[in-house]
Amino acid sequence: MTVLLALLAAPMGPPPIIGSPPDQRRGDQMRAAQARREGNLSLREIEARVVPTMRDSQYIGFDYDAGAAIYTLKFLRNGTVIWVEVDGRTGRVIGRTDG
């Protein structure tokens, strides 16, 4: 009983981070919107091209590299994360982690 009370009283530390922090996601969204204004494809256009090709996978979000104009769409399939890199200028898939 004393051990249980000691465990309950111990500091727990910060909660685990799941996915990208909110500030990073907001930043990616703002950079993607700016890229759209500069003539690149929008996130919605990229998603419309890629998400239907990822059957049996759950779409869980994206990252955007403004310097390279590359969207990285993240999917989950059978407990494995799959990253699909897409050229934001052309919409062409340029990389994928699951081969």
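- Looking at heavy atoms from C-beta onward, Ile46 lies out of side-chain contact with Tyr64 at the 4.5 angstrom threshold.
- The CD1 atom of Ile94 sits 8.0 Å away from atom OG1 of Thr72, with the distance rounded to the nearest 0.5 Å.
- By the rule that hydrophobic residues join a cluster once side-chain heavy atoms approach within less than 4.5 Å of another member, Leu73 and Val81 end up as members of separate clusters.
- One hydrophobic cluster holds both Val51 and Phe62 under the rule that ILVMFWY side chains link at heavy-atom gaps under 4.5 Å.
- Taking every heavy atom of both residues into account, Arg55 and Arg77 meet most closely at O-NH2, 3.8 Å.
- Closest approach of Ala68 and Arg89 over heavy atoms only: O-NH2, 3.4 Å.
- Between the CZ atom in Arg96 and the CD1 atom in Ile82 there is a gap of 6.0 Å [rounded to 0.5 Å].
- With contacts defined as side-chain heavy-atom distances shorter than 4.5 Å, the pair Phe75/Val50 qualifies.
- Using modelled atom types, one side-chain atom of Thr97 and one backbone atom of Trp83 make a donor-acceptor pair closer than 3.5 Å.
- Cluster annotation: Tyr59 is connected to Val93 through the hydrophobic network of ILVMFWY side chains, with a link wherever side-chain heavy atoms come within less than 4.5 Å.
- At least one side-chain heavy atom of Leu41 sits less than 4.5 Å from a side-chain heavy atom of Arg49.
- Annotation for Gly88 and Asn40: closest pair O-CB, 3.4 Å, computed over non-hydrogen atoms.
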